Amino acid sequence: SGFWVTECHGRNAHAESEERPNISAAYVLSLEGDIHEQNYLSRKRYLARHGIDLHRFPAANGRELWGHEYEETTVTTAHGDKKESKTILAWKQKDGSTLLPGKNGYLTPGERGYLKSMHSLLQSAYNDR
């Protein structure tokens with residue numbers, strides 16, 4: 001047991017003596033591959049020492065699934081007399097246009113992978129009910 005800080009109230013902040021929630025399991029999204037597996041196993045061992053069983057849910061790798069739909073492109077912007085060039089990842093659309101970062105609807109391959117992972121996780125939970 002110990003202290004569980006629930007809120008801060010400026011200069012009058014204090015920690016209330018409460019029991020922490022009893023957490024016995026946790027879940028993590030993790031990509032396939034040796035380095036991701038090593039990170040997962042390291043976290044699993046650490047949490048096991050604290051009585052928490054870590055479960056892995058495989059994450060969709062957006063770069064592998066949709067990387068071919070993106071292309072690096074250079075964008076130059078002018079700030080007064082200065083010009084600045086930077087490389088960005090443009091999303092090639094089915095109609096031949098490209099969608100640039102910051103525009104409505106733009107998602108990186110990683111964001112698309114995360115959404116697919118969440119969809120799969122929720123579908124699995126729904127099917128297991």
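Quantities reported herein were computed from a predicted structural model and do not represent experimental measurements.
For Tyr70, the side chain to side chain donor-acceptor pair (under 3.5 Å) test picks out Arg112, with sequence neighbours left out.
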Which atom pairs, one a donor and one an acceptor, fall under 3.5 Å between side chains of residues 87-101 and the rest of the protein, sequence neighbours left out?
{"residue": "Trp91", "atom": "NE1", "partner": "Glu69", "partner atom": "OE1", "Å": "3.2"}
{"residue": "Lys92", "atom": "NZ", "partner": "His68", "partner atom": "O", "Å": "3.1"}
{"residue": "Gln93", "atom": "NE2", "partner": "Trp91", "partner atom": "O", "Å": "3.4"}
{"residue": "Asp95", "atom": "OD1", "partner": "Ser97", "partner atom": "N", "Å": "2.9"}
{"residue": "Asp95", "atom": "OD1", "partner": "Ser97", "partner atom": "OG", "Å": "2.6"}

Could you walk me through whether Lys44 and Val28 satisfy the side-chain contact (heavy atoms from CB on, under 4.5 Å) test, starting with their C-alpha distance in whole Å, then the side-chain angles of each, then the deciding distance to 0.1 Å, before giving a yes or no? CA-CA 10 Å; Lys44 184 172 180 68; Val28 65; over 6 Å; no

Stepwise side-chain contact (heavy atoms from CB on, under 4.5 Å) check, Lys116 with Trp66: CA-CA 11 Å; Lys116 181 171 179 52; Trp66 298 289; 3.7 Å; yes

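Between atom CZ of residue Arg56 and atom OH of residue Tyr27 there is a gap of 14.5 Å, rounded to the nearest 0.5 Å. Between the OG atom in Ser30 and the CD atom in Glu37 there is a gap of 7.0 Å [rounded to 0.5 Å]. To the nearest 0.5 Å, the span separating CG on Leu47 from OG on Ser24 amounts to 11.5 Å. Atom CG of Asp128 is separated from atom CD of Gln123 by 10.0 Å, given to the nearest 0.5 angstrom. We find the OG-CG distance between Ser117 and Leu31 to be 7.5 Å, quoted to the nearest 0.5 Å.
A cation-pi arrangement is absent between Arg49 and Tyr46, since the terminal nitrogen or guanidinium carbon is not both under 6.0 Å from the aromatic centre and inside a 45° cone about the axis.
In this structure, a donor-acceptor pair under 3.5 Å is absent between the side chains of Gln38 and Asp34. There is no side-chain donor-acceptor pair under 3.5 Å between Thr74 and Ser85.
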